[in-house]
Amino acid sequence: ISGCAPDVKVAQVNMGDALEFNNPDRIGHTIWFSPDQTYLIPLQSKVSIKLNFLKFPGVVDYMCDSKFVGQVFITNK
């Protein structure tokens with residue numbers, strides 16, 4: 001998520017799997033899926049976020065530092 005610009009705008013993962021965010025920047029970024037699902041990605045680090053907060057498959061938008069940057073398409077295993 002260098003500069004809050006992900007390489008992949010729409011990612012696909014299985015329900016309950018994790019999505020990895022790599023932040024090579026010299027500042028931290030905040031990934032936001034919903035008010036209850038907000039994650040800090042520290043500077044120059046990788047964070048794996050388990051997408052277990054959804055009850056059903058579907059598409060989820062996400063933001064980085066308060067701007068829309070992508071979607072995650074969540075499928076059944």
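Along the sequence shown, residues carry numbers from 1.
A 6.0 Å sphere centred on CG of D7 holds no more than 12 heavy atoms belonging to other residues, nucleotides or ligands. Within a 6.0 Å sphere centred on NZ of K9, other residues, nucleotides and ligands contribute more than 12 heavy atoms.
For the atom pair OH of Y39 and SG of C64, the computed distance is 14.5 Å after rounding to the nearest 0.5 Å. Interatomic distance, NE2 of H29 versus OG of S45, reported as 9.5 Å (0.5 Å rounding). Atom CG of residue N22 and atom CD of residue Q44 lie 10.0 Å apart, to the nearest 0.5 angstrom. In this structure, CZ on F53 lies 5.0 Å from CD on Q37, to the nearest 0.5 angstrom. Taking CD1 from I74 and CG from L54, the interatomic distance works out to 4.0 Å, rounded to the nearest 0.5 Å.
Residue P6 comes nearest to C4 through the heavy atom pair CD-O, 3.6 Å, listed as atom of the first residue, atom of the second, then distance. Taking all atoms of both residues into account, the shortest heavy-atom contact from V8 to V10 is CG1-O, 3.0 Å. Shortest non-hydrogen contact noted between A18 and V13 is O-CG1, 4.2 Å.
Considering only heavy atoms from C-beta on, T75 comes within 4.5 Å of Q12 through its side chain. Contact check for F68 versus D61: side-chain heavy atoms found under the 4.5 Å cut-off. In this structure, the side chains of N76 and N14 stay at 4.5 Å or more apart for every pair of heavy atoms.
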Kindly determine whether I31 and I1 satisfy side chain to side chain contact (heavy atoms under 4.5 Å, CB included), including the steps that lead there. CA-CA 10 Å; I31 297 296; I1 60 168; 4.0 Å; yes
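Formation of a donor-acceptor pair under 3.5 Å by the N23 side chain with backbone atoms of I41 is found in this model.
At a threshold of 4.5 Å between side-chain heavy atoms, the hydrophobic network of Ile, Leu, Val, Met, Phe, Trp and Tyr places L51 and M15 in one connected group. Linking ILVMFWY residues whenever their side-chain heavy atoms come closer than 4.5 Å, directly or via other members, leaves L19 and M63 in distinct clusters. V72 and W32 fall into different hydrophobic clusters, where Ile, Leu, Val, Met, Phe, Trp and Tyr are joined by side-chain heavy atoms under 4.5 Å apart, directly or via other members.
Side-chain rings of F21 and Y62 approach one another, their centers coming within less than 6.0 Å.
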